[in-house]
Structures are given as C-alpha cells and as structure tokens.
Amino acid sequence: MANKKNLLIALLTAGISAMAQEKKDGLITLQLGANDTMHTVTAQVNDLATKAPLKGVEITFYVQRTFGVMKVGNGTTDTTGVITAEFPLSIPAGDTLGNLIALAKVEDNAVINDTIFRATIKTKLSFPAHTPVKAGLISSTPPLWLQLVFWLVVAMVWGSFAYALYLVYRIKASASKKIFINQ
Amino acid sequence: MACGNNCTCNGDGSRRNFLKNSIAALTTGLAGGALIDAFASCNPPTTKNDELVHVMTHDGKMVSVARSQVADFKPHISDEDVRRGIPGKKFVMVIDLSKCDGCGKCTKACNKMHYLPSNKEWIEVLEMQDSPKEAPYYFPKPCFHCDNPPCTKVCPVDATFKREDGIVGIDTDRCIGCRFCMAACPYSVRLFNWTEPVKPDFIEQTPAAEHVFQSKKGCVEKCDFCPHMAREGKLPACVTNCPMNAIWFGDANEDAVTCFDGTTTKLSQLLEDGAAYRFMEELGTEPRVYYLPPVNRTYSTKDMKIEKKEAEK
Amino acid sequence: MEKLSQDIKDRVELELLSTVGRRYRQETFWVIFLALVCIGGTVAWIIQLRKGLGVTAMRDYVSWGLYISLLFFFVGVSLIGALISSILRFSGAKWRYPLIRIAEAVTLSAILFAGFMPVLDMGRPERLYFLITHGRIQSPILWDVLAIGTYFFGSVIFFYLPLIPDVAIMRDKLTDIPVWRKKVYRRLAMGWEGNPTQRRLLKKAMWLMSVVILPVAVSVHTVSAWLIAMTLRSGWNTSIMGPYFVFGALMAGCAIMILIIAILRHGYHLEHYLTPTHFSRLAACLLALTAFYLYLNVNKYGVPAYKMAKDERYLLQDLFTGRQSLLFWFTQVAGLLLPIVLLSFKRIRESIKGVVSVAVMVLLGALINRYLIVVPNMLHPFVPIQHAQPGFASYNPTLIEWMITASSLAGFVLLIILLFKPFPVITMWEVIEGVEKSGEQAVGVEHLSNIQIIQGHGK
C-alpha cells in the first residue's frame with residue numbers, strides 16, 4: 001500500500017520536474033577495471049539524444065548488496081564527461097560466482113534526469129555457496145570420535161548383558177532333568 | 001519505464017525496488033529507455049515489458065531474467081533447503097545502543113509479522129544498568145544466532161539446528177518439547193507454547209522451520225532472523241520498523257549491513273568505528289549479533305526505570 | 001561354619017515363602033490408597049495432555065519444575081541397587097544378603113519412574129519415538145534416555161539372577177497355587193536344580209552383572225547431572241554436578257532403603273531377617289554418605305559464595321537469605337547436619353526407631369534439595385527478568401503438578417509392593433548359604449533355629 005503511494009508521488013514529481021526544467025536523458029557507459037589494490041570504475045556520461053559528453057554531472061557509485069546498495073564513491077564529470085572512482089578490492093562479491101554489481105547513479109541533477117546504470121564485475125573474491133556446518137557437538141551430524149566412544153560403550157555394556165543372559169541360558173541347558181523345560 | 005526509474009531514486013526506494021521473489025534484483029538502465037551494460041554488455045536492449053532484471057537463484061548465483069517472468073519466479077523450498085539455509089549467506093545483525101531509545105517498535109513489528117500475542121516477545125527491549133553508578137541504556141535482545149549455539153548442542157532430536165547461513169532455526173514439526181534448549185540458552189531467548197496458540201487464518205507453503213507463524217502447542221519458538229524475508233531480499237521486520245535506524249542487518253560474506261532507511265554500510269567498518277562488542281563474549285557462544293556501545297545517547301536516561309531483580313532489592 | 005539342618009532350612013523357606021501371594025489387611029489398604037492416588041494422577045495427566053503444559057506453573061523462565069526435580073530424585077534413589085549388590089559385594093559385606101532383592105526392587109521401580117518423568121514433562125509426548133528416529137547422540141538427553149534404559153534392563157537382569165534358585169524353591173514347594181502360576185515359576189526357574197555347574201554359572205553371571213552395573217549406575221546419575229551441568233546457567237555451570245548427584249543419590253537411596261526395610265520388617269514380620277544389625281550397618285553407611293554430601297555441599301555453595309561473582313550472587317542470596325532460604329537451610333540443617341550429629345551416637349544407630357527417623361529427615365532433605373537444584377537457578381538467568389507477566393517470574397506448582405508428582409511417588413511405592421507379591425522379600429538361598437558359610441552374625445539374621453511356624457502364619 002505504502003509502496004504504491006510512494007510510487008504515485010514519485011511519478012508525479014518526475015513528470016512535473018521533467019516538464020519544468022526540460023532535463024535531458026543521460027547515457028552512461030561504465031568501464032570497469034582493477035589495479036593491484038583497487039577496483040576502478042569509470043563512467044562516461046553522454047546526452048542520450050545528441051551523444052555529446054555532459055560536464056558537471058554528479059555521479060554516485062554503489063555496489064549491490066543483498067539488502068541495499070552500498071556507496072563506494074562519488075564525483076562530478078569533467079569536460080569529456082568522464083568520472084573515475086576507485087574502491088578497494090576487498091569489497092566482496094555479491095554472489096557465489098564472484099559477480100560484483102557496480103552502479104552509477106544520478107540523483108537530483110540539474111543537467112539530466114535521475115538515472116541509474118549497472119555493470120557487473122567479475123571478482124576473484126567469491127564465497128562458497130555452501131559451507132557445511134562441521135560435524136561436531138552443535139551440528140546435526142555427530143563427530144566421529146563421539147560416535148566411536150558412544151557405540152563402543154553401548155556395545156560393551158549391552159554385550160555384557162547379553163553374556164549374562166547367555167549364562168542363564170546355560171544354566172537351563174545344564175539341568176539334568178529336562179522335563180521342566182518343555183512344560 | 002519511468003516508474004522503475006523514479007522508484008530507485010526515491011530515498012529508500014532502492015530497497016523497495018527488489019522484486020518480490022528475488023534475493024537481489026535491480027532494474028538496469030532506465031532513463032531514456034536506453035540500456036547499456038558496459039562490462040557484461042551482451043544483454044540486448046529490451047522493451048519495456050521484457051526488461052532484464054538480475055535475480056539471485058536459490059543456489060546463490062546471479063542470473064538475468066526477464067521481468068515478466070520474475071513474478072512467477074518462486075523457487076520451491078524443500079525441507080533440506082530450509083535446514084541448509086540460504087546459499088552463500090552469513091547473516092549478521094548490528095544493534096546500535098546509542099541510537100535505541102527503547103520505543104519498542106521492533107517488538108511490535110516482529111509480533112505483527114509473526115502473529116505473536118503481546119505477551120510473547122521474540123525481540124525484547126530490556127532496560128539495562130550494569131552497576132548503580134553507570135547510566136542505564138536500552139538493550140534490544142533478539143536471538144543471537146550463535147556460531148557455537150548451546151541450544152543446538154543439546155537438542156536430542158535435531159529440531160533446532162545451525163544453518164549454513166548462520167541462522168539457528170527451529171523445526172516445529174520435529175520439536176518434542178523437552179525444553180532442554182531453553183535451559184541451555186544463557187540469554188533466555190527461547191519461548192515455549194504452554195497452551196494452544198491462536199492461529200492466523202492462512203496456510204503456509206514452506207517447511208515448518210521457515211514458517212512466518214512458528215507457534216505450535218508444546219513446541220519451542222524464538223526469533224528466526226526472518227529467513228522468509230531474506231529469501232526475498234527483504235530485511236527482517238524489526239529492522240524495517242526501527243525509526244532510529246538502530247538495527248542493522250546484512251550478510252557478513254558481503255561485508256555489508258543495511259538499516260531502516262536503506263543505508264548500506266560496510267560491516268567491518270561499522271564494527272571498527274563503533275567499537276562493537278558481543279553480549280557476554282566470555283560465554284564463548286559467539287553470537288552473530290553485535291552491539292555498538294551506548295555512547296552519546298539522544299534520550300534522557302533519567303526517565304528510565306530499571307526493573308530490579310528480586311534479590312538485588 | 002556348620003551346615004544348617006534340613007529342618008531349619010525348611011522352616012526358613014516356609015516362613016519366607018509365607019508372604020508370597022498372601023493378603024495383609026494393612027497392605028491391601030495401602031495398595032488401594034496408592035492406586036487411588038495413581039488414578040488421580042492419571043486424570044491430572046490426561047488434563048495436562050489435553051490442555052498442554054499451561055496447566056502447570058512452569059513458564060518460560062522456570063521451564064523445568066517438579067517433574068524434572070522428581071526425575072533427579074528417582075534417578076538418585078535408583079542407585080541403591082548398585083550400592084547394595086555391587087559396592088557391598090566388592091567390599092565383602094555379608095549382611096547385604098537379605099537386602100539384595102529389596103534393593104533391586106527399589107531400583108527397578110525408581111528407574112522405571114525416572115524414565116517416566118521426562119515423558120510427563122514433554123510438550124509433545126506423542127513424538128517420543130523421534131528420539132530413536134531422529135536422535136542426536138550429542139545431546140545429554142539421549143545419553144540419559146539410553147543410560148536409564150540400560151540401567152533398567154540391567155536391573156531387571158539383576159533382579160532376576162538371584163531369583164532363579166528361589167523360584168526353583170517355589171516351583172518345588174508351593175503346591176497349592178493356580179496352574180498358571182506354577183507354569184510361570186517353572187519357566188522362570190530355568191531348570192534350576194542347584195547342581196555345581198549351575199551354581200558356578202549363576203555366580204559368574206552375578207559377578208559379571210555386579211561389575212557392569214556399577215559404571216552403568218554411576219553413568220545414569222552423572223548423565224542426569226549433566227542435563228543441568230552442560231548448560232551455561234549460573235549455579236548449574238559447575239563441574240561438581242556429577243559427583244554431587246552420585247553421592248546425593250547414594251545418600252537418598254540409603255535413606256529410602258532404611259525406610260523400606262523398616263516397613264517390610266514390620267509389615268511382613270521379617271524380624272529374623274531384617275534385624276537391628278542391618279539398620280545399624282545402613283545407618284553407618286548413611287552417616288558416611290551424609291557427611292560426604294555435606295562436604296560436597298560446602299564445596300558447591302561455599303566456593304562460589306566466597307567469590308560472589310555477579311551472576312552467582314543473586315542466586316546464592318536467594319538461597320541463603322531470600323525466598324528459598326527456608327527450604328535451603330532445612331535441607332542443610334535438618335537434612336544433613338542434624339542427621340550427621342544424631343547418627344554419630346551409637347545409641348541412635350542401634351535403635352531402629354532412631355535410624356528410621358533420621359532416614360526420614362535425610363529423605364525429605366534430599367527431596368527438597370532436588371527442587372532447590374532445579375528451580376531457583378532458573379529464576380536467576382544472566383539476562384535480567386523484566387516486564388514478566390504475572391506468574392512468569394516465580395514458580396508455585398499447580399494442583400495438577402502436585403497430583404502428578406504425588407501419584408508418581410505413590411506409583412513408585414506401589415510397584416515395590418507389587419513386586420513382592422509373587423516373590424519372597426528375602427533371597428532365601430543366599431541367606432542360607434551365607435549363614436552356612438559365615439554364620440548368622442555376619443549375615444545379620446537372628447535366631448533362625450527358633451523360628452516357629454504357626455500354621456497359616458496368623459500373627
């Protein structure tokens with residue numbers, strides 16, 4: 001419900017602002033790379049219609065996380081419409097394949113409409129899909145040593161019981177008068 | 001087209017923009033309908049109705065799916081999936097005690113989400129005062145989802161279990177109600193259904209351990225870190241309803257946590273800058289919930305009334 | 001020692017067999033009374049099953065209450081079997097012979113109810129079989145269930161082994177009993193005719209069982225102690241719990257043994273067999289055990305009380321001067337200190353009345369102590385109890401709980417009585433053999449040659 005309302009308001013304001021200021025639509029080309037210590041992300045901002053580079057566009061860079069986008073840098077484009085930002089390689093990937101999604105976002109800019117562009121970086125820092133909980137006291141599967149000790153103790157005790165019962169059986173077997181057994 | 005655009009630009013919109021059934025999804029280039037994907041640029045320009053979105057599959061891979069198909073993208077979650085947890089995730093919570101003003105909205109939101117009566121609190125806001133001269137502070141206490149959980153250790157039937165994504169879950173189809181886990185939990189987090197709970201009027205499709213409504217007579221329940229929300233890329237109810245932005249939730253693998261207003265920050269940085277600690281570290285339970293100490297509080301501690309223990313009076 | 005004459009043997013056997021299948025007015029009264037209590041408890045249990053554990057006073061803070069306290073009590077009492085038939089055996093005490101069957105009967109009954117208590121306490125008893133289908137061997141509950149089951153099975157064997165020659169005597173001597181009972185005795189006697197091979201085999205089996213039963217018994221108590229010692233709660237989180245339980249158990253078992261042999265001596269007229277010797281010997285055991293238990297208590301409470309660590313402090317204050325202080329000091333003074341003082345006097349040790357009264361005190365103290373081990377700790381968690389609803393921050397057992405508790409205790413006594421209906425109370429052959437080998441004094445029996453058999457035993 002709240003979502004819808006926001007959406008409507010957003011729609012209206014977008015329409016009004018577009019009409020009033022006649023902002024341009026932007027086209028951002030993202031170039032991604034990395035040096036030894038940093039990821040680099042370069043954005044080239046052009047006018048979508050004329051393809052001319054746009055100067056003075058403030059861009060914020062983000063990386064995609066599970067529950068939101070995390071800011072990693074920002075800046076304003078130069079005369080060639082280019083802006084470069086760096087963020088550390090230590091920022092981990094966003095999925096188990098090592099894909100890191102970088103975003104370039106334009107917000108409340110005088111030159112162009114709000115826009116957002118996305119590119120995927122293949123990082124080496126991926127994390128495993130599964131890190132099984134190690135067999136141990138807290139896990140579902142018992143550790144080997146416990147299984148061994150447990151079943152050894154159980155076997156020893158119940159084995160002794162079985163032997164005691166076997167002795168009882170032998171008591172019966174060593175009776176001379178067998179008449180009692182079959183009745 | 002414009003809706004997606006404006007949505008993402010609207011304050012906490014980036015959070016809302018996630019599609020219902022994806023873990024992580026974001027619309028691609030929007031403004032003029034142009035779409036360029038610089039590095040992985042093979043995505044062809046699409047029409048309004050067939051725009052590509054990125055969706056995390058249930059085995060932790062990012063895939064591109066046409067938006068029109070995403071609505072139906074409802075992966076079947078098996079019993080095994082639930083016991084394993086969400087692939088590639090390590091959920092973590094950070095609670096900023098300097099921001100928490102004890103309003104209790106997290107508790108209310110949690111109770112609403114999980115259909116709990118007012119006498120049950122999965123996240124309890126305690127008034128703490130460590131010693132008489134020290135200033136009191138509010139202390140929201142969810143389940144700590146310990147990495148060395150004393151509760152899963154003692155469960156005789158594997159009804160409560162540690163998942164790969166860090167969550168300590170409870171399978172109410174398995175629980176025998178021995179309450180050993182309650183005795184074992186040093187934080188008094190676990191609650192028991194002493195009587196028949198009032199059931200909400202809907203049927204859940206997921207296995208019991210990820211039910212929204214977890215109460216079952218004769219079984220134990222507790223805070224579950226809202227895995228059903230996380231599967232959709234959404235934050236737990238307590239986080240999205242904390243007006244003070246005091247609760248952060250996220251993925252330790254990604255090294256990021258997000259709070260109510262959508263701000264996402266680096267987990268390691270937050271813990272370092274805030275001098276984070278874990279509650280009763282000396283117990284060795286290794287909680288997945290971190291606390292930032294109650295410095296520079298925004299409320300007056302004089303108004304706080306601390307309920308004293310019987311023995312302390 | 002000289003052999004007993006066949007005449008004396010016959011008279012001993014006749015007298016001891018006279019209790020089998022016989023009706024005593026007092027006994028009938030007690031059986032009916034206890035059975036009624038049990039029925040009341042069963043009704044209470046049915047109510048509890050239907051409405052859920054909400055009918056008890058247990059709540060989220062005190063999540064274990066009377067039932068678990070009683071589990072620890074029964075587990076404790078059940079150790080007496082191992083004490084009499086194993087520890088005394090290896091210490092060469094001949095006076096144990098007349099006590100063996102009584103001890104094993106108490107053990108059997110106690111361990112059966114010990115196994116039953118957790119089921120009463122479960123939120124979903126219908127899922128009990130999950131312990132087998134989904135059991136996690138890392139959980140002390142599984143160890144406890146297995147240890148209790150093993151000890152029960154071992155006790156059945158141990159109850160049965162010394163019974164074989166006695167059942168053979170019954171098979172041969174009891175002629176005017178229904179055919180089905182004859183058949184049962186015949187089956188149970190395993191063709192016993194007392195030949196040397198059989199004697200050797202029986203002795204071997206009994207020796208083996210008394211070796212095995214001791215570690216099993218100790219494990220039952222230790223593992224039960226671990227149910228609480230394996231948690232991180234203040235007061236429970238201590239390594240003394242295992243020995244504390246084992247010796248508390250020996251003490252409670254010894255006390256209940258004194259009580260039960262006093263009742264049997266009086267009720268079944270076993271004055272020749274359960275004599276002041278047994279009472280004074282058991283009293284000496286009880287003295288040693290209470291003294292040692294007091295020592296363990298000083299350790300358990302004294303050591304943390306000296307340090308007064310933050311979380312222990314509230315618990316200890318509650319016990320020493322707070323809400324639980326009355327019960328706590330009762331167990332320490334009336335349940336331990338006073339018995340030690342009283343039993344130090346030879347005059348009291350040698351008077352049956354004196355020993356029995358002390359045993360009652362010790363037993364009461366032991367029972368309350370189980371409650372004090374379980375409940376107060378749960379009222380003092382690390383995280384302060386705040387905004388607790390009424391009834392959550394305290395524990396006052398409800399009528400349903402009291403009824404179930406009372407009926408478990410009643411059932412425990414009832415089962416002991418019923419175990420002595422088809423079998424003689426005293427192990428006849430071992431007593432006779434013991435007297436022949438070591439004399440009446442060593443076995444503790446008195447004036448066997450003076451036994452007068454009055455037809456029908458109508459005293």
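Just so you know, these numbers use all the heavy atoms, side chains as well, and skip hydrogens, waters and symmetry mates. By convention in this document, chain letters (A, B, ...) are assigned in the order of the sequence lines, proteins followed by strands, and residues within each chain are numbered from 1.
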- Message: Quick check for you: to the nearest 0.5 Å, what is the distance between A/K134 atom NZ and B/K162 atom NZ?
- Response: 14.0 Å
- Query: For residues 137-158 of chain A, which residue pairs qualify under side-chain hydrogen bond (donor to acceptor under 3.5 Å, both in side chains), counting only residues two or more places apart or in two chains?
  - Reply: A/S140-B/D158, A/W158-C/T150
- Region of B/K90 in contact with chain A, defined by heavy-atom distances below 4.5 Å: side chain
- Under 4.5 Å from a heavy atom of chain B, the part of A/P128 involved: backbone
- Task: For chain A, find which of B/V154, B/N253, B/V168, B/T265 contributes the most heavy-atom pairs closer than 4.5 angstrom.
- Result: B/N253
- Message: Can you tell me which residue among B/P149, B/C155, B/P150 is in a side-chain contact (heavy atoms from CB on, under 4.5 Å) with A/I138?
- Response: B/P149
- Query: chain A heavy atoms under 4.5 Å from B/D147: which part of the residue, side chain, backbone, both or neither?
  - Reply: backbone
- Query: Roughly how far apart are B/T264 OG1 and A/Q64 CD, rounded to 0.5 Å?
  - Reply: 8.5 Å
- Task: Please round to the nearest 0.5 Å and tell me the distance separating atom CD1 of B/I86 and atom OG1 of A/T66.
- Result: 9.0 Å
- Rounded distance (nearest 0.5 Å) linking atom CD of B/E164 with atom NE2 of A/H130: 6.0 Å
- Where does B/R163 contact chain A at under 4.5 Å (heavy atoms): side chain, backbone, both or neither? backbone
- Item | Check: B/D255 and A/M70 side chains under 4.5 Å, non-hydrogen atoms | no
- Task: Could you go through the side chain to side chain contact (heavy atoms under 4.5 Å, CB included) check for B/E254 and A/V63 one step at a time?
- Result: CA-CA 10 Å; B/E254 286 184 343; A/V63 291; over 6 Å; no
- Rounded distance [0.5 Å steps], OG1 in B/T263 versus NZ in A/K71: 10.5 Å
- Task: Nearest 0.5 Å please: distance from the CH2 atom of B/W248 over to the CZ atom of A/F67.
- Result: 14.0 Å
